[in-house]
Every structure is written in C-alpha cells, then in structure tokens.
**Q** 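Below you'll find the structure I mean.
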Amino acid sequence: MSTSKRRIDRPSTPVHSKRRKDTQSRLDSFFSSPSVSERPGKVKADSFQKSIAKDIEIIDVDLLDDDVVSAPEHQSSSSPKKNSSALRPVKLIQAGRKDAFANVQHTTPDYAPLAVDPSTYTTISMDIAQDTLSSRFRSAEHLLRKVFVQHPSYDHIVGALLEVGLDGLPQRVPLTVGIPVYPALGSPIRSFEEIYERLNDLPFSAELKYDGQRAQIHVLRQSDGPIDVRVFSRHLEDMTSKYPDVTGLMQVLLEIHPETQSLILDSEIVAIDRATGSLKSFQALSSRARKDVRLEKVEISVGVFVFDLLYLDGEILLDRSFRTRRSLMRNRFPSYIPENELLARFQHVDSCDSEESQIQLQNFWETAVSRHDTEGLMIKLLDHEVCDEDSKGKLQARKKPLSAIYDADKRTFSWMKLKKDYVSGIGDSLDLIPIGAWYGNGRKVKWWSPILLGIWDPDQGHPVAICKCMSGFTDAFYKTLSEQFSLDDASKCSRSRLWDCEFGGFKPDVYFKPDMVWEIRGADITLSPISIAACHLTSSSKGLSLRFPRFIRVRDDKTIMQASDASFLANLWKSQQGKSKEQDDELIDVDVDSTSDYSEMDDIDI
DNA sequence: ATTGCCTGCCC
DNA sequence: ATTCTGC
DNA sequence: GCAGAATGGGCAGGCAAT
C-alpha cells in the first residue's frame with residue numbers, strides 16, 4: 001500500500017460520502033474562481049459548524065487511513081497498541097475533538113506533499129507543553145473558522161495552507177463574490193424588556209421580519225459586460241436556477257447603476273401578489289418550482305426585501321457597523337420595481353429605529369403584531385459599542401463590548417428575533433389532546449416522542465388528529481409521561497386503536513386514551529396534506545395543522561371536551577388568510593369563547 | 001400516465 | 001424551524 | 001453561552017410500482 005498518495009484528491013471518503021452533497025464543486029467553479037484542485041468535491045458546506053474536526057477528517061482522515069490506519073505494515077498485525085502515537089490524531093478526530101483539527105493544521109506545513117511521515121503528528125505534539133499547545137490549537141481553530149465562514153472552500157483553504165500556512169490565510173482566502181458567506185443569525189427573545197437588558201440603551205433598529213426565504217445575492221459585472229448573479233439559501237445552497245426573476249432583477253439593477261461593479265446583499269425573498277403588492281404566505285412561496293425555472297414560467301411573483309450589504313465594489317463590509325452597511329445600501333440602491341412585470345421587485349425591509357421615538361417604536365411593533373403576513377421583528381444593534389476610557393480599567397467586570405459587525409454564522413445578541421409567537425398572549429395557542437405517540441430515538445429512546453395531538457370534535461364526540469409535537473418537553477416530563485401512558489397499562493395505552501379517534505394520515509406506533517389537555521403553541525395554522533382536522537370547514541376540504549408546534553404546559557383545568565375544537569381552529573385559520581394590510585377586519589370573528597384562553601394578553605412594555 | 005413513497009431542503 | 005441538555 | 005440532538009409542517013422532485 002502506497003503511503004505516498006495524497007488522498008485529498010480522491011473523489012470522496014467512502015465512510016462519509018453518502019450524505020455529502022456536491023456543494024463544493026459548484027462553489028469552486030462559479031465565476032471561474034481559482035480552483036486549487038480539480039477534485040469533484042464531496043464536502044458538505046455546513047459541517048464545519050458542527051465540528052471542525054469532522055470536516056478536516058475529510059482531508060486528513062483520508063490521508064491517515066491510507067497512510068496509517070489501513071497500513072498494517074506500519075503497525076503490528078495483531079493487536080496494534082490502540083494509543084500508539086501515529087494513531088493519536090485519528091483518535092482525536094474520531095472522538096470529535098476539536099483540537100484534533102488544530103493538531104492536523106499545525107502539522108500541515110510539515111507534510112511533504114508526496115511523502116507523509118505519520119510520526120510527524122506526535123513529534124510535534126510532544127515537543128510543546130500541553131497548555132501552550134492547546135492555546136495554539138484554540139487560536140488556530142478560531143482563525144480557520146473565521147476564514148471558513150467567509151469563504152467555505154476547502155480546496156482554497158487547504159491550498160493556501162500548504163502554500164502560506166496559517167498566518168497568511170485570511171489575506172489569501174478572503175470573502176469573495178461568488179462564494180457564499182455563512183449568514184449571520186438572530187437570537188430568539190421574548191420581550192422588549194429583554195432587548196433593553198441586552199442592548200442597554202444602545203441605538204438599534206427594528207425591522208419587520210418577513211415570512212419568506214433567506215437569500216444571499218451575489219452580483220458581479222464581468223469585464224466583458226455580462227452580469228453574473230448567484231442566489232444562495234441560508235444553508236448556502238445555490239438557488240439561482242429557482243429565481244430567474246431575481247437574477248433578472250439584479251441585472252437590470254446593475255444596468256441602472258453602471259458605476260457598480262459588484263455587491264453581495266442579504267435579503268428575504270417573499271411571495272407577493274403582483275396586482276396588489278401584498279405579501280403572500282410562506283406556503284405560497286414554497287410551492288414554486290425549484291430547478292431550472294424559466295422566467296416566463298414563474299407563477300408566484302416575489303419581492304426581494306434587502307436588509308444588509310456585505311460587499312460593494314471590491315470592499316468587504318463585514319466589519320463595518322450595521323448602520324454604515326445599511327446606509328451604504330439604502331443610498332446606493334433605492335427600492336425599485338422593474339418595468340418588466342416578470343421580474344422580482346427590489347425593496348428595503350420596513351424598519352423603525354429606536355432613535356425615532358418610543359411611540360413610533362411601539363406603533364411599529366403593534367402594527368407588526370396586527371398584520372398576519374409578518375413573523376415579528378428583527379432587532380439589530382446599529383453601532384459598535386465603544387468603551388470609554390474612564391470605565392476601562394476600573395469599573396465593573398464588563399462584558400465584552402457589543403459589536404455591530406456582520407457576524408458570519410453566529411447567533412449573537414446584536415441581532416435578535418422577536419417573533420409574535422414567542423410572546424405570551426400573542427400568536428396561536430391551542431389546547432390539544434394527546435392521542436398517540438411514536439417510539440423515541442437516540443437520547444429519547446426510553447420515551448414517547450413525538451406525541452400525536454388532536455382537537456375535539458363536538459359533533460362526532462371524539463378527537464381528531466392535528467399534528468405531532470416533540471418540542472417543549474423536559475426529560476422529567478417525558479419520564480412522567482412514559483409512566484402515565486405505559487403499554488403495561490392497557491387502559492391508557494395500546495398498540496391497537498382502542499379509543500374513538502380520527503387519525504387522518506397519521507399512523508402512530510401506539511394509541512393513548514384521550515384523557516388530558518395540553519397547551520400547545522405554534523406560529524401558524526397550515527393547510528395540511530395529512531391532517532383532516534376541521535377539513536369540512538376549509539375550502540379545499542384539506543385538514544388543518546400547526547407550524548412549529550411545541551408544548552407549553554398541561555391544562556389540568558380542562559377536560560378533553562374543552563379542548564380546542566374544529567370551528568375554533570378554522571376561525572384561526574381564516575383570520576390569518578389573505579391579510580395583508582387593513583383588509584381583514586370583516587373576517588376577524590374568532591370567537592374568544594370557552595374553548596380558548598386569551599386571558600393573559602399581557603402587553604409587552606416598551 | 002398516475003400514484004405513492006422517499007429524500008432533501010425550506011421554514 | 002423549536003426546544004432542552006450537557007459541557 | 002454554545003453545540004448537539006431530536007424532530008415539527010410542508011413543498012418539489014425523483015424513482016419505482018401500478
């Protein structure tokens with residue numbers, strides 16, 4: 001077995017190839033970026049965030065398993081000492097240890113390209129004191145991660161690493177138009193109080209949070225004229241062929257702005273009604289065709305609601321403050337509706353800055369809550385926090401100052417999402433009956449998970465399945481539940497359908513005796529292909545279900561006959577239909593009766 | 001051709 | 001997506 | 001505070017069975 005072959009160039013690692021999508025090759029070929037190797041990549045782009053070690057595994061386990069693991073001539077044939085030095089990095093990697101990555105990285109420059117000496121690993125490890133080593137590992141890992149989230153190409157990174165090592169890496173592999181950046185994310189919060197706690201009076205912007213699809217749009221004017229556009233999803237999938245209407249929009253936009261060479265925008269693509277301009281549901285958007293869509297074939301029009309600018313004409317803007325990036329974006333690229341009706345619209349997200357006034361902010365939130373076509377607000381810190389000299393040394397143990405950079409791949413509190421359905425008293429809360437369950441997996445093997453829930457049908461006098469639920473339960477609750485509904489007690493739980501219920505398309509492993517009521521929260525009511533709940537009350541005779549269902553609490557005070565019923569559900573659904581602006585007043589007739597509990601409509605204080 | 005089932009991706 | 005748990 | 005795990009509804013697309 002040859003030890004000299006660099007397995008980096010092999011098409012894939014057998015062990016890991018199955019689930020890996022061919023993202024890398026597409027990234028590398030786009031805009032004729034300088035591909036380092038011709039390898040048809042098999043690297044899953046987002047695995048870095050799961051564990052750096054697991055990704056480098058692709059590069060280096062390849063190396064190692066050829067050169068070390070499956071090279072018995074290097075080891076004794078029978079019982080190789082499990083911790084023999086040459087195997088150490090492999091072990092670390094297999095154990096998912098992050099420092100394994102750094103270990104490998106540090107040794108990378110020592111690889112002779114065609115002849116790897118496995119002992120290199122430990123030689124280096126042994127020479128350096130453990131703490132020095134681990135701190136070096138940490139900073140190496142940190143640097144690599146930072147480079148990776150702005151330019152997720154292993155080919156480029158490994159190539160640069162072999163040439164210039166860690167130090168020159170950021171300059172060698174910078175953010176590049178055509179290579180997607182891992183998007184910045186927002187942390188969930190549940191009140192304005194929490195905003196002020198976190199931001200402590202620093203100015204922020206509140207943006208409407210639209211219910212669409214995240215899109216990072218790259219635009220590059222090529223030297224010979226044509227304008228290249230790429231659209232990437234939140235997980236960096238290339239969606240360009242799904243959105244010819246967005247591509248077309250960006251091309252005309254650059255025709256209007258002949259001075260512009262290149263840019264990267266962050267945005268939400270939202271389905272819109274072409275006639276009225278009102279927003280359509282997420283479900284409408286997701287019914288669009290996804291592959292090789294032709295502009296004339298587009299059936300659902302969209303608006304591109306832009307909210308950030310990451311790159312402009314050769315300048316990387318990630319480290320600028322949000323205020324700077326935003327004003328650059330707004331001033332340079334005003335909202336625009338193309339004449340060609342087939343093209344997407346270019347719009348800025350609606351927003352209200354905290355500097356305007358408390359009243360305006362309050363109104364903004366209330367508007368967001370009342371219209372049913374938005375999810376809530378995104379709160380974004382506008383400026384980097386500055387630590388003044390006085391407080392520097394002496395004052396309290398300060399937290400790290402907040403920054404308003406574009407923090408690729410991070411869920412920070414400089415971006416917060418305040419969704420209506422997080423806030424108690426707002427959003428859809430249902431009282432549902434557990435009527436069945438499935439056997440759990442993994443850490444939930446000992447318990448029932450998910451649980452099947454039903455509404456109450458007063459006409460038939462039995463529950464009707466509406467959705468499954470697996471979120472919001474504590475381990476302790478699961479335990480209790482497994483005792484309350486045990487197959488040992490056939491009066492409560494059974495493999496066969498002993499109790500009168502309708503299940504629609506749901507086929508649980510076990511059935512529960514309808515016996516209790518739980519409060520379940522969700523974001524939206526959906527028209528469901530498998531639920532038959534309230535199906536006689538919907539236009540399409542499809543049933544209704546719940547988006548993002550999660551358990552809130554047991555309703556000991558309710559019997560199953562007091563659970564939410566079909567008409568309550570149907571009213572919720574109707575009230576959320578077609579409600580863009582003010583036009584929904586006639587429809588709202590949700591009876592706030594005994595079946596629901598709206599008692600705790602706590603206003604949120606601003 | 002049509003239907004059903006599974007995967008992969010969106011949220 | 002949401003949530004809980006363990007480091 | 002963060003990563004990891006388990007799994008929600010629902011769509012298009014692809015493939016196999018009818």
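Chain letters run A, B, ... following the sequence lines, proteins first and then strands; every chain starts at 1.
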**Q** CZ of Arg411(A) versus P of dA3(D): gap in Å, rounded?
**A**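 About 10 Å, once rounded to whole Å.
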**Q** Please confirm whether the ring centroid of Tyr406(A) lies under 6.0 Å from the ring centroid of Phe322(A).
**A**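 Aromatic pair excluded; centres sit 6.0 Å or further apart.
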**Q** Under 4.0 Å, heavy atoms only, any strand: does Phe473(A) hit a base, just the sugar-phosphate, or nothing?
**A**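 Here Phe473(A) touches the backbone only, sparing every base.
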**Q** Using a cut-off of 4.0 Å on non-hydrogen atoms, how would the nucleic acid contact of Leu546(A) be classed: base, sugar-phosphate, or nothing?
**A** sugar-phosphate
**Q** Any salt bridge between Asp421(A) and Arg550(A), counting N to O under 4.0 Å?
**A** yes
**Q** Has Lys242(A) got a side-chain N or O lying under 4.0 Å from the OP1 or OP2 atom of dA12(D)?
**A**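 No, Lys242(A) has no side-chain N/O under 4.0 Å of OP1/OP2 on dA12(D).
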**Q** Are OP1 or OP2 of dG9(D) and a side-chain N or O of Gln283(A) less than 4.0 angstrom apart?
**A** no
**Q** Between Leu185(A) and Asp475(A), which residue's closest nucleotide on DNA chain C lies nearer the 5′ terminus?
**A** Leu185(A)
**Q** For Ile532(A) and dG9(D), give me the distance from atom CD1 to atom C1', rounded to whole Å.
**A** 17 Å
**Q** Would you mind classifying the nucleic acid contact of Lys419(A) as base, sugar-phosphate or nothing, using non-hydrogen atoms under 4.0 angstrom?
**A** sugar-phosphate
**Q** Classify the ring geometry between Phe346(A) and His348(A) as parallel (under 30°), tilted (30 to 60°) or perpendicular (over 60°).
**A** perpendicular
**Q** Checking contacts here: which listed nucleotide (dG9(D), dA6(D), dT2(C)) is nearest the side-chain heavy atoms of Lys417(A)?
**A**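 Selected nucleotide: dT2(C).
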**Q** So, is Asn441(A) close to the dA5(D) phosphate, meaning a side-chain N or O under 4.0 Å from OP1 or OP2?
**A**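 Result: no.
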**Q** Looking only at the side chain of Glu237(A) (C-beta and beyond, no hydrogens), which of the listed nucleotides dG8(D), dC11(B), dC10(B) gets closest?
**A**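 Among the listed nucleotides, the one closest to the side chain of Glu237(A) is dC10(B).
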**Q** Which nucleotide in the list dG9(D), dG14(D), dC4(C) gets nearest to the side chain of Lys291(A)?
**A** dG14(D)
**Q** Side-chain N or O of Arg290(A) less than 4.0 angstrom from OP1 or OP2 on dT7(B)?
**A** no
**Q** For Leu432(A) and dG9(D), give me the distance from atom CG to atom P, rounded to whole Å.
**A** 12 Å
**Q** Quickly work out the Leu236(A) CG to dC11(B) P distance and round it to whole Å.
**A** 11 Å
**Q** Figure out the CG/P separation between Asp421(A) and dC11(B), and round it to whole Å.
**A** 16 Å
**Q** Give the nucleotide from the list dG1(D), dG9(D), dC9(B) with an atom nearest to the side chain of Ser233(A).
**A**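 Nucleotide nearest to Ser233(A)'s side chain: dC9(B).
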**Q** What is the nucleic acid contact for Arg550(A), judged by heavy atoms within less than 4.0 Å: base, sugar-phosphate only, or nothing?
**A**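 The answer is sugar-phosphate, as Arg550(A) gets under 4.0 Å only of primed atoms, P, OP1 or OP2.
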**Q** Under 3.5 Å, is there a donor-acceptor pair between the Thr526(A) and Asp524(A) side chains?
**A**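 Not at all, the side chains of Thr526(A) and Asp524(A) share no donor-acceptor pair under 3.5 Å.
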**Q** Picking from dA3(D), dG10(D), dC11(B), which would you name as closest to the side chain of Asp211(A)?
**A**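 For the Asp211(A) side chain, the nearest candidate turns out to be dC11(B).
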**Q** Using a cut-off of less than 4.0 Å, is there contact between a side-chain N or O of Lys444(A) and OP1 or OP2 of dT5(C)?
**A** no
**Q** Give a yes or no answer on whether the side chain of Gln216(A) reaches the backbone of Pro180(A) with a donor-acceptor pair at less than 3.5 Å.
**A** no
**Q** Taking the minimum atom-to-atom distance to the side chain of Met470(A), which one of dA5(D), dT2(C), dG9(D) wins?
**A**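 Nucleotide nearest to Met470(A)'s side chain: dT2(C).
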**Q** Could you tell me whether a side-chain N or O of Arg190(A) sits under 3.5 Å from a main-chain N or O of Glu194(A), the two making a donor and an acceptor?
**A** no
**Q** Take atom CZ of Arg443(A) and atom P of dT7(D), then tell me their distance rounded to the nearest Å.
**A**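 In whole Å, dT7(D) P lies 10 Å from Arg443(A) CZ.
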**Q** Just how far, in rounded Å, is C1' of dA1(C) from CD of Glu268(A)?
**A** 13 Å
**Q** Just checking Gly522(A): base, sugar-phosphate only, or nothing, at a heavy-atom cut-off of under 4.0 Å?
**A**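 Answer is nothing: Gly522(A) stays at 4.0 Å or more from every strand.
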**Q** Is any side-chain N or O of Ser528(A) closer than 4.0 Å to OP1 or OP2 of dG10(D)?
**A**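 The answer is yes; a side-chain N or O of Ser528(A) sits under 4.0 Å from OP1 or OP2.
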**Q** Under 4.0 Å between any heavy atoms, over every strand shown, what does Asp524(A) touch: base, sugar-phosphate, or nothing? Just pick one.
**A**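 Nothing: the residue Asp524(A), judged by heavy atoms under 4.0 Å, touches no strand.
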**Q** Could you give the CH2-to-P distance, from Trp448(A) to dA6(D), as a whole number of Å?
**A**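 Value for this atom pair: 18 Å.
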**Q** What's the closest nucleotide to the side chain of Thr526(A) if the choices are dG9(D), dA3(D), dC11(D)?
**A**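 In terms of side-chain proximity for Thr526(A), the closest of dG9(D), dA3(D), dC11(D) is dG9(D).
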**Q** Do the side-chain N or O atoms of Arg234(A) get closer than 4.0 angstrom to the phosphate oxygens (OP1, OP2) of dA1(C)?
**A**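 For dA1(C), OP1/OP2 do have a side-chain N/O of Arg234(A) under 4.0 Å.
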**Q** Only one of Ile264(A), Leu310(A), Leu265(A) clears side chain to side chain contact (heavy atoms under 4.5 Å, CB included) with His218(A); which?
**A** Ile264(A)
**Q** Answer yes or no: does a side-chain N or O of Tyr422(A) lie under 4.0 Å from OP1 or OP2 of dT2(C)?
**A** yes
**Q** Say we look at dC11(B) and dT7(D): how far apart would their C1' atoms be, to the nearest angstrom?
**A** 14 Å
**Q** Nearest nucleotide by nearest heavy atom, which residue falls closer to the 5' end of DNA chain C, Pro549(A) or Thr474(A)?
**A**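 So the residue in question is Pro549(A).
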